[in-house]
Amino acid sequence: MQNTLSEQELIRRESLQKLRELNIDPYPAALYPVSHLAADIKTSYEDGAEGFEEVCLAGRLMMRRIMGKASFAELLDSSGRIQLYISRDDISPDEDKSLYNTVFKKLLDIGDFIGVKGFVFTTRVGETTVHVKELTVLSKSIKPLPIVKTRIDEETGQEVTYDAFTDPELRYRQRYLDLVVNPNVKQHFTIRSQVIREMRKFFDDRGWMEVETPVLQPVHGGAAARPFTTHHNALDMPLFMRIANELYLKRLIVGGYDGVYEIGKMFRNEGMDRTHNPEFTALEIYVAYKDYFWMMEMVEQLINAICRQVTGGENIEVGGEQISLAMPFRRLPMLQGIEEYAGVNIKGMDIEALLQVCQDLDIEVDPKYGKGKLIDAIFAAKVEPHLLQPTYITDYPIELSPLAKKHRTEEGLVERYELFINRQEIANAYSELNDPIDQRERFEDQLKLAAEGDDEAMAMDLDFVRALEYGMPPTSGLGIGIDRLVMLLTNQTSIQEVIFFPQMKKEVRI
RNA sequence: GAUCGCUUAGCUCAGCUGGUAGAGCAACGCCCUUUUAAGGCGUGGGUCCUGGGUUCGAACCCCAGAGCGAUCACCA
């Protein structure tokens with residue numbers, strides 16, 4: 001807390017005290033019987049309509065226009081703003097006019113929560129308005145809100161915003177203010193919620209079960225990333241915050257479930273930027289007796305359904321470009337993509353040849369890279385930038401995919417795809433590796449990489465191998481980054497815009 | 001992690017070659033019963049991000065640091 005209060009904060013504290021002196025509790029305990037939301041009144045009220053003779057609303061007082069014995073004000077509730085008409089003799093019908101003259105005009109401030117009862121009418125100017133008969137203080141605000149005003153420009157018809165609250169640091173650190181003051185921000189989070197709801201419905205309708213698996217794991221596996229580490233005191237053992245939940249979900253398939261999915265937080269101790277937050281939300285789903293071709297059809301149905309639910313159509317606009325999410329999505333094997341966009345056929349090349357290709361194409365790589373990472377580097381540099389429209393990139397190098405099944409016909413590749421939309425990876429799926437001996441060898445290869453200094457290599461998970469030894473049916477698995485999908489559907493370029501409280505450095509002084 | 005940029009009133013921002021800080025909105029006071037970023041008149045409000053330095057004098061120049069943003073690298 002700052003030890004010096006601003007003039008405005010001092011004034012609000014004085015107002016708080018004066019309310020108490022008038023026997024008005026600025027923080028009353030009793031429930032307030034809200035009957036209507038601002039948005040519902042604005043959409044359904046017409047002049048003379050029935051059912052609006054007595055309404056009761058609550059929210060923040062956002063603006064006052066005082067004109068002597070009558071005033072207009074704006075109330076902001078969870079649905080939006082509505083205008084209030086408050087006249088002195090209506091809310092203070094007796095001799096004592098202090099509720100209007102003192103409480104409303106002097107002691108209330110922008111940001112205070114109030115409750116109003118009254119009837120709805122339309123003003124001369126055509127604004128749907130609540131004529132207030134009763135005013136109640138519900139909660140006093142003692143810190144001034146940023147004031148954002150908007151006006152419709154008469155010439156252009158465009159909405160003009162004044163004093164917008166735009167500083168990203170303040171918006172993210174004090175998201176509550178961002179939400180109060182910038183109405184569009186709520187829209188991103190509404191869509192986020194819809195996306196997740198639609199996803200659950202899609203899976204539940206097909207009979208797959210939502211499950212929960214450990215966030216604290218003794219062995220971190222299922223992805224290539226650096227974990228957060230922690231320590232359990234009673235067990236005196238190190239634990240890792242999960243970077244993925246893949247290996248636990250597959251254990252459940254071993255246990256006999258046909259389909260399991262989890263939507264939850266993953267944690268990766270890596271860099272942060274406009275597409276990375278240390279904790280992010282992922283969907284993972286595993287379905288028995290399926291393969292990655294089946295999973296391509298499932299994913300395009302899922303994404304298409306979510307898009308239609310959220311936007312009402314199959315097309316989205318991202319950064320000024322049109323993207324069609326109509327089915328089916330294009331399928332492009334990775335090596336074929338490299339041939340198409342980089343003009344090189346790298347099939348069967350060894351490390352030397354791949355290094356030469358990188359040099360020829362002016363792609364910077366670490367000389368310690370193995371085959372897989374070299375191919376990935378070429379792909380990222382030459383193919384990814386072209387993947388605006390939804391595209392399944394299929395058949396990845398085996399070195400990059402220690403949990404995916406070997407390709408049924410192609411040597412050195414696995415049955416894996418990544419779905420790219422707007423040049424970003426949105427989904428990642430395999431025909432899951434269920435051969436326990438192959439899996440053990442793949443882990444051993446990862447251990448070698450770790451020994452060579454790859455700090456993202458996977459650790460051996462002996463219990464997972466043991467589970468596979470008991471037998472896992474052929475299974476297809478999928479992961480989708482929810483935050484990225486929401487960014488796509490809300491046309492946002494920063495992950496911070498779709499996460500309520502993005503990670504930030506410690507605030508120096510509050 | 002690297003490079004560049006930003007940080008001034010509650011909010012959005014001015015502030016010239018260094019001369020002792022300003023506007024609009026918000027706040028406070030007065031006027032005003034259907035207004036529309038209401039209007040009119042008046043008043044107050046500042047750790048100029050922090051810490052050093054140069055100078056008679058620093059919001060401004062120099063050094064160090066912090067936070068945020070953009071680009072790049074790694075990753076979803």
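To find a chain, count down the sequence lines: A is the first, B the second, and so on, and within it residues start at 1.
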State the pairing partner of [N]; accept Watson-Crick or G-U wobble contacts with both distances under 3.5 Å, and report none otherwise.
N      : answer
G57(B) : none
U43(B) : A27(B)
A38(B) : none
C48(B) : none
C74(B) : none
U7(B)  : A66(B)
C16(B) : none

Would you check if there is a donor-acceptor pair between the side chains of Asp77(A) and Ser79(A) at a distance under 3.5 Å?
yes
Do Arg192(A) and Thr281(A) have side-chain N/O donor and acceptor atoms under 3.5 Å apart?
yes
Those residues that, when tested against Gln83(A), pass side-chain contact (heavy atoms from CB on, under 4.5 Å) (two or more places apart)
Arg65(A), Phe72(A), Thr123(A), Glu127(A), Thr129(A)
My understanding is that only residues two or more places apart in sequence, or in another chain, count here; which of them pass salt bridge (Lys or Arg N to Asp or Glu O under 4.0 Å) with Lys405(A)?
none
Take atom [atom1] of [X] and atom [atom2] of [N], then tell me their distance rounded to the nearest Å.
X         : N      : atom1 : atom2 : result
Leu84(A)  : A38(B) : CG    : P     : 14 Å
Asn182(A) : U12(B) : CG    : C1'   : 12 Å
Glu9(A)   : G46(B) : CD    : C1'   : 14 Å
Phe280(A) : C74(B) : CZ    : C1'   : 14 Å
Arg13(A)  : G10(B) : CZ    : C1'   : 14 Å

Could you measure between the two [atom1] atoms, the one in [N] and the one in [M], and give it in whole Å?
N      : M      : atom1 : answer
A66(B) : G51(B) : P     : 15 Å
U50(B) : C32(B) : P     : 45 Å
G39(B) : U34(B) : C1'   : 15 Å
C13(B) : A21(B) : C1'   : 14 Å
U55(B) : G44(B) : C1'   : 34 Å
G24(B) : U35(B) : P     : 26 Å
U36(B) : C25(B) : C1'   : 16 Å
G5(B)  : U54(B) : P     : 26 Å

Donor-acceptor contacts under 3.5 Å from residues 104-111 of chain A side chains, at least two apart:
from: Asp109(A); atom 1: OD2; to: Lys140(A); atom 2: NZ; distance (Å): 2.6

Only pairs at least two apart or in different chains count here, so list each side-chain hydrogen bond (donor to acceptor under 3.5 Å, both in side chains) that has a residue in residues 372-389 of chain A.
none
Starting the side chain at C-beta, find the nucleotide from C74(B), U35(B), C11(B) nearest to Arg65(A).
U35(B)
By nearest atom, which of the nucleotides U35(B), A38(B), C11(B) is closest to the Met63(A) side chain?
A38(B)
Looking at Glu210(A), I'd like to know if its CD atom is crowded, meaning that more than 12 non-hydrogen atoms belonging to other residues, nucleotides or ligands lie closer than 6.0 Å.
yes
Reading nucleotides 22-34 of chain B from the 5' end, what letters show protein touch, with B for base, S for backbone sugar-phosphate only, - for no heavy atom under 4.0 Å?
--BBBSSSS-BBB
Sequence neighbours excluded - salt bridge (charged side-chain N to carboxylate O under 4.0 Å, His left out) pairs with any residue from residues 263-274 of chain A
Lys265(A)-Glu279(A)
If you look only at pairs with a residue in residues 415-429 of chain A, which of them pass as a salt bridge (charged side-chain N to carboxylate O under 4.0 Å, His left out), with sequence neighbours excluded?
Glu321(A)-Arg423(A), Arg408(A)-Glu415(A), Arg416(A)-Glu418(A)
Categorize Glu127(A) for me: base, sugar-phosphate, or nothing, with a 4.0 angstrom heavy-atom threshold over every strand shown.
base
Would you mind classifying the nucleic acid contact of Asp273(A) as base, sugar-phosphate or nothing, using non-hydrogen atoms under 4.0 angstrom?
base
With a 6.0 Å cut-off on the ring centroids, do Tyr261(A) and Phe203(A) count as close?
yes
Set of ring-ring contact (aromatic ring centres under 6.0 Å, His included) partners for Phe500(A), sequence neighbours left out:
Phe189(A)
Please list, for nucleotides 68-70 of chain B, all pairs of protein and nucleotide N/O atoms separated by less than 3.5 Å.
from: C68(B); atom 1: OP1; to: Lys505(A); atom 2: N; distance (Å): 2.9
from: C68(B); atom 1: O4'; to: Glu169(A); atom 2: OE1; distance (Å): 3.2

